[in-house]
Structures are given as C-alpha cells and as structure tokens.
Amino acid sequence: MSFKEYKNLDYAALADEILDFWNANNIFEKSISTREGQPTFTFFEGPPSANGTPGIHHVMARAIKDIFCRYQTLKGKQVKRKGGWDTHGLPVELQVEKELGITKEDIGKSISVEEYNKKCRETVMKFTDQWNSLTEKMGYWVDLENPYVTYQANYIESVWNLLKRLYDQGLLYKGYTIQPYSPAAGTGLSSHELNQPGCYRDVKDTSLTAQFKAIKNAKSEFLFKASGDAPVYLLAWTTTPWTLPSNTALTAGKNITYVLVKTFNPYTYVPVYVVLAKDLVKNYFQAAAENSDFAAYEAAEKKPQAIPYEIVATCKGSDLEGVEYEQLMPYVQPSAPAFRVILGDFVTTEDGTGMVHTAPTFGADDFRVAAQNNIPALLITDENGKEVPLVNRQGRFVAQVTDYALEPVKEAYLTDEEKEAERVKQGRDKYLSVDERIAIQLKTENKAFNVQKFDHPYPHCWRTDKPVLYYPLDSWFIKTTAVKDKLIALNKTIQWKPESTGTGRFGNWLENLVDWNLSRSRYWGTPLPIWRTEDGSEEICIGSLEQLKTEIEKAQASGTLTDVQTKGNAAFLKALAAGEADLHRPFVDEVFLLSATGNVLTRELDLIDVWFDSGAMPFAQWHYPFENQDVFKQSYPADFISEGVDQTRGWFFTLHAISSMVEDSVAFKNVVSTGLVLDKNGNKMSKRLGNAIDPFETLKAYGADPTRWYMITNAQPWDNLKFDLAGITEVRNKFFGTLTNTYNFFALYANLDGFEQKGIKEEDLTELDRWILSKLMNLIAEVDEAFETYEPTKAGRAIQDFVCDHLSNWYVRLSRRRFWNPETANQVITADKQAAYETLYHCLETVAQLMSPIAPFYGEWLYKNLTGKESVHLTHFAKVNPSLQNPALETSMELAQGICSLVHSIRKVHRLKVRQPLAQVLVPVLQESVRDQIRRVEDLIKSEVNVKEVNYLNDASGVLNKKVKPNFKALGPKFGKDMKVVAEAITGMSSEDLALIESAGSAKIQGFEIALADIEILTEDMPGYLTASEGGLTIALDNTLTPELVREGNAREFVNRIQNLRKDSGFDVTDKIYIQVQRSDEEWTASLNEFKAYISQEVQALSLEWVDSASTELTFEESNLFVNVTVA
RNA sequence: GGGCUUGUAGCUCAGGUGGUUAGAGCGCUACACUGAUAAUGUAGAGGUCCGUGGUUCGAGUCCACGCAGGCCCA
C-alpha cells in the first residue's frame, strides 16, 4: 500500500473528515457492539442543563469522561454511555419568567400553572442543538439518540418509586426549616429573591445583651468557685430581642477564650459575675475601670460612668459546653431538656459577646446547631393540633407570650393607625416596639446587661418592602442523618481523584450531615408524590403509576369526593389510560385520593429538589424498576463518573445518598472531580467580562485534538486550568507537528521504497531499533497504568516525551541514513532497512493507539493512514512484549546521549564544526561495566558527533584526575551529627587514601571509617585535552587536525553545498546529477579527488569532473568554488 | 468565619520515602546544524522554591503559625 503524505495539515479539517467517517460507518456503535458479551465498564453521564449554552469548560469536563471510556473500550470492555438532560429547576423557571416578562406573582393569575410549565418544557431544551453539535465536534462519544430526560413521565415514575422506597423505610418526613419569610406577603422567599438589589437595607434595631443565669452543678462548678458562689450570668447579644422568648440554648465557640468578670449590672447596680469572650471585654468595659474600687462604686449615690470590673477566671469555650442556665423569658416550656451551652463553628468574636443566643425557630444556624445537639425548639400546639412557633405567620406573637400577645414583632408590620391605637393602649407618649419593651422588661428584672440602638443591613421583602423574618416553614426531609454511618462507610470504598476531595471535602460534608431538605415551593419540577389529609394525620406515598391509578379508582368509587375533585381524577385517569399522563403540576394537584379511614387526601404542593432528579439517574435513566431490570443490574453501580469539584455536595452527594439508602451500595466506584477552567490570567471566565472562550471557535481554529491535548497535558484535571490559546498553538506545533513530521518522513521513504509491513523480525534489529522498542514498551506500560488509575495528564505527557524526545529527536534523526541510503534507494529493501521501517511503523501505530483516548480524531487519522484498517477505536490496547524490554541498552543509550551532548558542547565552545571529522573522543571509565555499556553504542556516537574513534581511559593510564564527593545519603545514617566534619574529610582526602579505599573497600580517614559506598568517585580535567563533564560523566575531545581529516571535512562541506543547491534548484529527491567543478587550489583538488566516490554517492552524482570554468559560486570559509550542476 | 485546595524561572508546569549544584517546555539572547524545515542542536541570561518559626548533621520536601489566589459552605 502507499502512505498518504501531507503538507500543511489542518487539524480541524482532519477532525471533520474523521467525524464524517465515524458517522457514515457507525464507529461509535461498533465500539460497543464489538464488545458484546465482554465485561462492562459503566459510566454515568451527569446531565447538563440544556437551557444554557456550553462553554469551553464543558470541553474539558467531557474530554475527561471520554478519555476513560475510550481507554476501557480499548481494554476490551463494553462501555455503554447514555446521555442525559437535567430539565427541572429554578434556572429554567427564571429564564421563562425573563422571556415572558413575568414574575412568580403572575403564576396562577395572568398565566396558568399549566401554561407556565408548558413554556418551561419548551425552553429547557432550547440549546440542545448547540450541545449536540459541541459533543460531536469535540469528539465526545455519548449516546445522544436515547438520552434520559428528567421531565419525562417514565423518569418521574422512577423517581417516585425511589421516594416511595425511602418513605417505606421511614426516611421521609415532614418537618420545618428556617427560611426567609415575609409575613406581610405571607410567603417564603428564595435566596435568589433575597439577592435582588435593594433587598438589604440599613435599619436601626434595638440590640440587647441579655444575662442568662447559670445553674450551679458539676459542669459549672468552676465558675461558681471563682465567684465565691455568687450568681453567675452568661452574656449573649442579639439584634432581635423578640426571639428571646424562644431561646433554648447558648452557643459558644470551641476555641474562643472566655473570662468570668466581676462587676455591676449597669441598670440595677446589682453586683454580678458575667461570662463573655475575652476579646470582647473591651466593648463592654472601660479599661481604666479594671480592678478599680468596687466598694466606692457600690457606696456612691450617683454611680460613675465607668463601672469597676475584675477578671476572676479564664476558660475555653469547650469548658463551657453543657453549662445549664435558667430560662430567660419563661412563657412556654420546651418539650425536652434545653437551656444549656453548646458549641458551634459559626461563633465569632467580631461583635456581641462571643456567646450566641440560640432560638431554633428563628435562625438557620440556630436550627442546625440545636438539632445537632438535641436541643428542642420552643413550640406550641395550635388549634389544629399542629406544632407552631411563638410567632405566627402574620408575624405576631401567639397568645401564650402573654405580655406581648398578638403583637407584631416588627414595628414595620403596623400601619400608622394601628401604631397609634397601640400607643393609646400602652398609655405612652410614643409607641414602643416589642423589642424596646422587652429591653425595658429585662432591664428591670436584672436580665439585661446592655441595651443600645444598632445600625445594620437587614433583608427586606422585594414585594412589600417590609423586613423579612427567618421563620420555620414546612418542608419535607429525607432523614439522611439516620444513615450517616452507612454513607461514611460506603464512601471509604470509593476511589476519589484527587483523594482529598473524597476524604476532605466530601468526607467532612458527610461527617456534618444534616437531613436533606427535599421541598421546593415551585412549579416546574418533579412533584412530591405524597397525598395527605388536611390535619396531616393520614397520608399516602405513591410509588408507581399503577398504584396511583388504583388509588384514584378507589377514591372515585367511594362517592365521597366533590364534583370538582371527581372531575380532576377522571381527567387524570383518562390521560393515564392513554399513556399521556403529565406528572407535573397542575395535573397531579387535581388528583384527590382517599385515606384508609375514608378521608380525602390532597397532594402536598411541594416539588422536590432537582438534585434528587439527577441523583436518581442510575435508576431513572432506565425507567427502573418498571423496565430494563437486566440492563440496570449490569450497569450498576458505575465504574466511573466525573464532574466538577463544585458537584461534591451536589450530584456526587445525591447519587451517593440515594444509592446508599435504597441499595446499600455506592453509586460509583471511581470518581474524578475536575477543577475550573479559568482565563489565562487565572480569572474566572464570564460572558459579562468578555473573557469567556467560545468553544466552537476554538475547536474550529485549532481542532479538537490539539485543544483536548492541551487541556489534558497542561494541568492535572483536578487543578484549575489557566486556559491560554497560545498553549494550544504550542501543543500543536511541538507535539502534533513533530508527530506529523515523523509520519511524513516515514510515508515519504516508505512510498519510495514500496515498503510492505510484515512484522518485526527481532534478529534484524539494530541496537537503535531495540532501544526505541524498549522505550516503546515502557511507554505502553506507563500509559496503561496512568489511564487505569485515572491519571490522563501523566499518560499524555509520557506520550509527548516519547514522540518528541525519543522517537523523533533521537531514533529518527540517527536513523535517517538507513531510510535514505542512496546506495539502496528505490525499491531495494535490505533486511536492515526493512527492520528500520518495521520499527518506526510499529512505534507510530502504537502511539496512534495510545494517544487515541485523548486525541480521538488524530489517533484515528494516524492509525488509518498507517494501517488502512477500519478504526483505532475498535482495536485492543497494546501489550508489553517483555522480550523487547532492554534496560541495559537504555542505560547505554543514555550514556551515548550524554557523551554526544558533551562533544557537541565542546565543539561549540571551540568552534569545531560537526562537519569536520575529528580523530577521537576519550572517555575515562573507572568501571569495566561502563566501558562495555558504551561499546554497544560506539557507532552511534561516532556518526552522531563525527569522530573516527571512541577510546577509553582507565585508572592505569595515569592521566586521570580523580575527585571524591561525599555520598550524603549513605553517610547520613552512619555519622549523623558529625556529617560536616566527615564531608570535609572526604573532600580533602589524599589520593593515597582514595587508593586505599578503592583497593581495601574502606579506610580510616581522620578517625572516620569510610567505605567505598560512602563516596562517589568521578573524574575531571584531563590535561592536554578539551574536556567537558556533567552529572558524573566526563569526556575529552582530541582536536588534532591532520591534513587527512581536513580534506574529509572539505569533502563534507562540499557535499553540504551541493545538497543545498539541489534543494534550492528544486531537484527531486531521486534525481541524479552531473557536477562540473572549476579548477581550484591544491587543497580543494586533493580533497575532492580523494573523496570523489563518497561525494558522488552522497549527492547522487553520476559524474564529478574538473572543468575550466563554471558559473555557480559555492561559498566556503577559506576559498570559494564554482560549479555547474545539472540533472541527468 | 469553616472545610478543601494551590503557591517552584517572565509564562505553563515536573520535582517517590528529607541528601547539600532545584529541572523541562515556551519566551528572550547568541551561535550552529539540517534533503524531517510551521523543525532541530549548543551555549547564555533568568529562582529570597509565598513568608516566619521549628524538627534535623542536612528542608523545595516534614511540623506549626501566617500571607495570597481558588472552590464549596456559612
């Protein structure tokens, strides 16, 4: 066959051609079908949301996924990969609202829920074309024909089934969570709504530092010991005094230092002992008053401003843990033991007292830390038997808070008229807010240590402009805390890349797990399949459409439903029967079921967290368990997944949690968490700042392969990548350019010679062939292991080093003559030449395969050019042939490379052109083995650096100057502290001492027993020669120029000029020529005559003759020549 | 504020278990070589290995505390 030769290869066009080929020949499908019956390798695709356009970071993320799937295919596994789309959630809703110019307010008013959701469904797949296009162009193989889509009924049914399984395990419950809530609007607010500009406004609130009276017991004894049994108060600061009746705990910081201060209450002048953070003492006391006269203060009629104080004890937050105190405002009693100090990581000493008043019903931190410490919230039971907080949904105290019953907790909730009426009722000149009156009350009760106005930003409802409350709202939870130990244990079996994400970020997250809040009060998402009676006493969880159908029919038959309810049910049944049921709102909301006792059940209006959707994909993508039970069993759990590290608490967690809970299994065995793609300056890419890279343009300009190669080899996948287009150019020129050149070199001569690949014959291989093949074996092993252990960067860099340094720059450069030998040109293939072709062919073919996971198009292109076979992606991963491994030869070659490098260096320094042959290079060797190693590669050295002989100098020659260096690694354990002295002794050792060590194996030097292994002996300086040394290797170059050598040098210079002339004149590589040389001086005459045969052969001259005059001038250093060169 | 992570040449990155002279590529300067030429070789300039303290005979590497960037969470 003939090998295609290329000029100016366009990598983007190459990719397009290969892509067409793949599509036309179903190569992706074949890569799966040809592995039928083989072990499977399961990959789960984390579904992207198609309502945004893809960015360059998606190329990165998907390249990682693609690499390991392609690699495992090469390893013979069957790798199915189903694409998927994440279609629910807030971003979709927001986009629809933006497009329609509406707000959430309008839903159900100017637009029906049905229409709204219809719009969401349309919008969410808006950019699928772009996504599909990117997927193809970047060479990402994933099944786009049959993706899973989270809004489809089958998918939702599977999700419901999972929820039902959790429900049956008792893991699904209704509780509450603290959320921003607007009493004026009667609705919860999302964090998105709270981040609207203008929501946070500066307000002046009453802030209060309250005194919580400690109870004396074993825990608090140390405090009372210091106070001499006088009452001790814990100080806590709040900007929301109205939450104090709901206090059930105080939160301290574990590592914060607290002090017990003896002082007076500034309002009642009662002597008190108070606890607060040491760093904050300065905010409450005047330093001048420290240890001042207590008696004088107590006696004073008019109390001075500065209150005396004295620090009487110091402790850590951890010492305070468990200290109990008396309830501050005892209107309502808790259901379980409360009122003690707990520890929380959110406590700071920025302001307040370093001790945080904790009311679990009105703060998210409070709620969380209380739950973790089994501290109850203060709740009462309302008329429906429901537990509610001490403030109702209108923002008013409940009746049980007698002193403030039914008063709004924020002044802003009252109109001016209401305020005036309230003022009259209070009998005051001015209306005082609840906060202010609580402050007054506590002051008089000796429970307030400090009261002042405080300016701070506070969030306001964007609709009503009134302040929001953090308020407990109903929510459905998955009791993940109940399975925490299981989640942790299973996580330990997962291989994380990098490991720290699994043990650190993910592990810590699991350790501090709270229950999964499943509820979302929205419209476009998977509805919670729970129907409840109004009082919440009876409920049913639906786990399949079949069950839903049965339950609806039961309800319909009962005759207890209203007409409207019956109608809704009938419509749903009809849709179910037709297989067209839409499981979204509002349709499911219009279904009414019946409890066991005959009460009507209404659906809980919540949707579920979209993360549950995506975490359910191992099951729902196959509509399991309703279909595909076999497929599911074969493809679960996943062998491999990969997403951004930002998914740790997102997809990684939800996959893990759901699988652990329903299957007692991990969802994935290996996971690669990838870093971010930043711009070249390390800044985040954003469309707004204009530093975002367009993936389509990049692929078009540079091609998918160089882009992927750059991304993978430049940084580890889990490190952030500073994306710089110049880096792609570098990769393209350096790696792809070199590889293409190498291929072109091969193709050029293989075609000229009509090379046919027959397989390597080991007996015909030269040392150089054996060497590159040995290197190739190492490469196969290294790349195999790197891919196996999810280290694509190592694999890519190893391939790159092999191609550039070893294959191109050493093997090909030194082998050129074997491929292009004028003596044997054109169809004459000697065994040696065949061996060279076979070797290079084998290297290139293997490289094509090894690189194909990272550069799928180029790998394919190279493979097809070489072999003419169908596809590299259908091949099986190369195996290491141990008989080709040759570590000894590799060592020899390293010596050869070192020696050549040193000779080049000397030639350079002394301006000795490589074309000028020299007589000999001298290598001092102290060990016979080294001499033998170099002997193997002597010929290579000679031709590479153009010397006639390599000679060796041993100890006996007497010209060597030996130098001794201490071997610290060996000396360290032996001499330890004496190291410095020993090192000096070794460096200053006499040649007699050295000789003694060399002969006897060891000697006593200045009292230290030094063995041969403790020192390194090297040689430097050989008087009379030009020397160079590096890393223990020293060589000398004999620069004596004999007339004979000069003439040969001249001949070589002449060849060089003729070759340039041939090239400049555009002669073909195979053209034969006639040369006429104008008669010249004696030296030229002698040189050309003597080396006529050599010259003729090199430049393919049929004749070389002297003439009286010629026209083309050749320039040389000494004297120029005139020649005529003509094609034969 | 917490968890995780990164910090080595102008830029992008390597630097098992501590070993004294810290490397590569790109870029820069100079000089060569070349029938692989969008290459290649040699030499040169370029480093407080983020800082401080500690452990050690010896720290880029181990420990502590900081500083700066990043991600997630609050």
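In the text below, chain A, chain B and the rest are named by the order of the sequence lines, each starting its count at 1.
Remark: the A/S808 side chain and the B/A36 base include a donor-acceptor N/O pair separated by less than 3.5 Å. Between the side chain of A/R816 and the base of B/A36 there is at least one donor-acceptor pair of N/O atoms closer than 3.5 Å.
Summarising the geometry, atom CG belonging to A/L814 is positioned 5.5 Å from atom CG belonging to A/L768; distances are rounded to the nearest 0.5 Å.
Between the C1' atom of B/G25 and the CG atom of A/D724 lies a distance of 14 Å, rounded to the nearest Å. In this entry the distance linking CG of A/D805 with P of B/G25 reads 8 Å, nearest Å. A/L721 has its CG atom 20 Å from the P atom of B/U5, to the nearest Å. At whole-Å resolution of the value, CZ in A/R813 and P in B/G35 are 13 Å apart. Regarding A/E782, its CD atom lies at a distance of 13 Å from the C1' atom of B/A14, rounded to whole Å. The NZ atom of A/K734 sits 13 Å away from the P atom of B/A24 (whole-angstrom rounding). For the pair A/F745 CZ and B/A38 P, the computed distance is 16 Å after rounding to whole Å. The separation between A/D801 atom CG and B/G23 atom P is 17 Å, rounded to whole Å.
Heavy-atom nearest nucleotides on RNA chain B were determined for A/T793 and for A/N1056, and the one closer to the 5' end corresponds to A/T793. Remark on RNA chain B: of its neighbouring residues A/F1067 and A/Q716, the 5'-side contact belongs to A/Q716, judged by nearest-heavy-atom nucleotide.
Nucleotides B/C63 and B/C11 are separated by 33 Å at their C1' atoms, to the nearest Å. Taking atom C1' on both nucleotides, B/G10 is separated from B/G46 by 8 Å, rounded to a whole Å. For the C1' atoms, the distance from B/U8 to B/G23 is 10 Å, rounded to whole Å. The same atom, C1', is picked in B/U6 and in B/C13; the two are 13 Å apart, to the nearest Å. The gap from the P atom of B/C72 to that of B/C65 amounts to 26 Å, rounded to the nearest Å. When the P atom is used for both B/U40 and B/G25, the distance is 10 Å, rounded to whole Å. Rounded to a whole angstrom, the distance from the P atom of B/U29 to that of B/U52 is 35 Å. Separating the C1' atom of B/U48 from that of B/G7 is a span of 15 Å, rounded to the nearest Å.
Picking from B/A36, B/G35, B/C13 the nucleotide with the shortest atom distance to the side chain of A/V812 gives B/A36. Residue A/K722 places its side chain closer to B/U12 than to any other of B/A36, B/U12, B/A38. Nearest to the side-chain atoms of A/S500 among the listed nucleotides B/A38, B/U5, B/G3 stands B/U5. For A/D719, the listed nucleotide lying nearest its side chain is B/A14; candidates were B/G41, B/A14, B/A36. Side-chain proximity of A/A715 to B/U42, B/C13, B/A14: nearest is B/C13.
For the pair A/N1060 and B/G35, the criterion of a side-chain N or O lying under 4.0 Å from OP1 or OP2 is met. Phosphate contact (OP1/OP2 of B/G41, side-chain N/O of A/K913, threshold under 4.0 Å): absent.
Ion pairing between A/E791 and A/K497 holds under the 4.0 Å rule for side-chain N and carboxylate O.
Taking the centre of each ring, A/F506 and A/H656 come in below the 6.0 Å mark. Here A/W496 and A/F652 bring their ring centres to under 6.0 angstrom of each other. The aromatic ring centres of A/F362 and A/Y470 sit 6.0 Å or more apart. Aromatic rings of A/Y702 and A/Y11 (six-membered ring for Trp) have centroids beyond the 6.0 Å cut-off, not under it. The aromatic ring centroids of A/F819 and A/F746 lie 6.0 Å or more from each other.
Nucleotide B/A36 has no partner under the Watson-Crick or G-U criteria, as no pair reaches both atom distances under 3.5 Å. In this structure, B/G10 forms a base pair with B/C26, meeting either the Watson-Crick or the G-U wobble geometry with both donor-acceptor distances under 3.5 Å. The partner of B/C57 is B/G19, judged by Watson-Crick or G-U wobble contacts that both fall below 3.5 Å. B/C65 is paired with B/G51 under the Watson-Crick or G-U wobble criterion, all donor-acceptor distances under 3.5 Å. Pair assignment for B/C71 gives B/G3, based on Watson-Crick or G-U wobble hydrogen-bonding distances that are each under 3.5 Å. B/G46 is unpaired under the Watson-Crick or G-U wobble criterion, no partner having all donor-acceptor distances under 3.5 Å.
Nearest approach of A/D366 to A/T358, heavy atoms of both residues: OD2-CA, 3.3 Å.
Counting only N and O atoms by type, the side chains of A/D1071 and A/Q1100 include no donor and acceptor under 3.5 Å apart.
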Going through the distances and angles, do A/D365 and A/R368 end up as a salt bridge (Lys or Arg N to Asp or Glu O under 4.0 Å)? CA-CA 5 Å; A/D365 275 335; A/R368 184 171 50 84; 3.1 Å; yes
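Within 4.0 Å (heavy atoms only), A/F653 reaches no atom of the nucleic acid at all.
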How would you summarise protein contacts on nucleotides 60-74 of chain B per nucleotide, using B for base, S for sugar-phosphate only and - for none, with heavy-atom distances below 4.0 Å? ----------BBSSS
